[in-house]
Amino acid sequence: MKSIQFQNLNLKNGIIYLFLIFSCSIFAQQTTSVDFKKCFGKITFNTNEKSISGQVDYDFEVLKVTDTIKIDAQKMTFENVTLNGYAIRYNNTDSKLQLIGKFKKGKHKLQFNYKAFPKQALYFVGDFDGSNSNIASQIWTQGQGRYTSNWFPSFDDVNEKVIFSIQLTFDKEYQVVSNGVLKSKTEWKEQNIWNYQMNKPMSSYLLMLAIGKYDKFIAKSKSGVPQEMYLEKPDSAKFETTYRHSVAIFDFLEKKIGVKYPWKVYRQIPVRDFLYAGMENTSATIFSSRYVVDSIGFEDRSYTNVDAHELAHQWFGDLVTAESGKHHWLQEGFATYYALLAERAIKGEDYFYAKMYESAQQIKYASRTDTIPVLNAKASSLSFYQKGAWALFVLHEAIGDKAFAKAVKNYLNKYQYQSVTTDDFFEEIKKVSDFDLVLFSKVWLEDFKFNTQEANELLLKNKMIQLLFEVESLKKKPLAEKEGFFKNILQSNVDSFVKKAIVNQLKTEKWEDKKVLLAVALATEDVVVRQNAAVSLPKIPEDFRLDYETLLNDSSYQTQEIALYYLWKNFPEKRFDYLNQSKNWIGFNDYNLRTMWLALAIATPDYVADNSLFVNELIQYASPKYEAITRQNALEKLIGFKLITDEVLRNLVKATTHHMWQFSKFGRDTIRKMLKEEGVKASFEHILPELSEVEQFQLNRLLKEL
């Protein structure tokens, strides 16, 4: 993605003033003693020091006499704390603001100023002063699992429901996105004042903020709900492929769920270096920029499933919220299942059953070591998401579509804007069916084992799965006995899922025995099947080279990357040809093809007289000027091809301090592995003085592990 520079606003000390006005009303009180009614906040961001500060007013009512009132506030400082206009005792625990006093029944007004340097939940990406021109300047939040209380004094307890209204003042070159309806947007000098308003309560972790230079695309659902879809300005041409099916998914889910979308607007906005695939903030989904794709990228990295999953959460998670982690499957299981139902409407029955089969295999394999069931706060993501979806599939099929739909509709309507437990959902099932929920819960929610027999009975209702099971049953048969059968399937119009299973069975066969079938697999012109064939053949015989070379022209950046590497590796005499053919490739927005090409070009003797320009470019991709996924791609190539310089080592150490845990873990694990090699420790010690304090701390900790 292209760079976006911050406009100079001539603001003192580089501070960007962002005014927020929060008005909120507690719907589901955390305690029985205090009911917060309204909240007003003026917020200021300092992008130089990456801090946030502001003034907050709370109106609340004491329901019964209490001596302490708590507001979650992570590592914040407070000043001018007053109650009803008078100074009040308070205690800052580094995690909470505790108000101390004898609070009588009645209405009260709290006011205070605060400041925080968020280490999580709110992130500053890029440089707003324009010093780093290769990465867009953005501010975005991620509250789930990170807590909004890191950047705004609020409530970590998901059962505390609040109505938020937010007013923001920011540079008019930027789009500013938050929860709820945009009531007004007015220009003031070089800034715009944005006034967002929610009309229903939500948990604090669903409060969001996203700021960046975006183009906005607007559509409407069949029910008239505005759909706002954002893209960074250089990516505007990718709108159709990034948001393909988005409106159709909305229309499908609203109809299938049977409850009108609970908010007045729906927004989707991609951000750089996001922690996850997506996050379902109330009325606004933030998702990773890796899903911003063109028509070729769509084949491998479609946003469709993430789109459907996060939208389903607007009902399952945002409208009704799981009371505790034990019942988390009521959010993730439902969102996973309804996302697959939406994809089934788009891609067909075979796709749906293929995905259910895949998740069944994953769950069965994981259950060998994962003994924590779904109905447990410590359950794995696989259990909450995939096994939770399987539980709903079993229940849906058992009681029938009509009864299931009625129960879900009643469940959502009864508990809207409230917190729920599994028993709450079960009570609605009991009203429409006499299904044995006790046994169901024991088997699917309380037992870590996967009921393969019941799952297979459901899967085998699909003819494609029946054929897949037949193919899988032949694994131990000699290829000669099944070759004709496999060939017929590969040449048929059966789903690619079955054809992939055939290609997988060929991996261990002798080349002469499987050559014909692999040629047939490539002749399918199915991108998925051809990619599977490409992966299955790391050693390419000369008599199959021409067939394999056709993969370089596939409409798949993933396939092109695989094919380029394997061809370069297998045929040294043709490396110049392959490099010339692919020299202008870029790939996804993480530069997967460009970084691969640079590594191969550098490693090819005599391809150019001086490859220093290639080396420097690859090192640049490994620097903080680019997103984490691009940096990791480049670092993997640099280290894998032994292109290690001081700058490469510095970039690797910088990775260990990144806010994305996946990237920081990659940095740490890679350094640990490298330190096992002779002489590498001295190389890292050599760069220590050039590192920042936090980078020195991380590297010293790794060096001490030796």
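The shown structure was predicted, so the numbers you read here are calculated from the model rather than taken from an experiment.
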Ignoring hydrogens and angles, state whether a donor on the side chain of [X] or [Y] is under 3.5 Å from an acceptor on the partner side chain.
X: Glu358; Y: Gln362; result: no
X: Ser289; Y: Glu627; result: yes
X: Asp590; Y: Thr630; result: no
X: Asp294; Y: Thr241; result: no
X: Thr422; Y: His327; result: yes
X: Tyr365; Y: Gln361; result: no
X: Thr285; Y: Glu310; result: no
X: Gln505; Y: Lys482; result: yes
X: Gln560; Y: Asn553; result: no
X: Trp585; Y: Glu561; result: no
X: Arg244; Y: Ser302; result: no
X: Trp511; Y: Asp543; result: yes

Rounded distance (nearest 0.5 Å) linking atom [atom1] of [X] with atom [atom2] of [Y]:
X: Arg575; Y: Lys569; atom1: CZ; atom2: NZ; result: 10.0 Å
X: Gln314; Y: Phe250; atom1: CD; atom2: CZ; result: 8.5 Å
X: Glu549; Y: Ile540; atom1: CD; atom2: CD1; result: 8.5 Å

So is Lys256 actually on top of Phe252's ring, under 6.0 Å and inside 45° of the axis?
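Geometry flag: not set, cation outside 6.0 Å or 45°.
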Can you tell me how the ring of [X] sits relative to the ring of [Y], calling it parallel under 30°, perpendicular over 60° and tilted otherwise?
X: Tyr385; Y: His309; value: parallel
X: Trp568; Y: Tyr565; value: parallel
X: Tyr291; Y: Tyr303; value: tilted
X: His396; Y: Phe404; value: parallel

Is the ring centre of [X] less than 6.0 Å from the ring centre of [Y]?
X: Phe576; Y: Tyr607; result: yes
X: Trp315; Y: Phe334; result: no
X: Tyr548; Y: Phe571; result: no
X: Tyr353; Y: Phe497; result: no

Contact between Leu564 and Leu600 at the side-chain level, heavy atoms closer than 4.5 Å - yes or no?
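They are in contact (side-chain heavy atoms under 4.5 Å apart), so the answer is yes.
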Please report the C-alpha distance between Asn633 and Thr595 in whole Å, then the side-chain angles of each, then the deciding distance to 0.1 Å, and finally whether the side chain to side chain donor-acceptor pair (under 3.5 Å) criterion is met.
CA-CA 7 Å; Asn633 279 344; Thr595 53; 4.6 Å; no
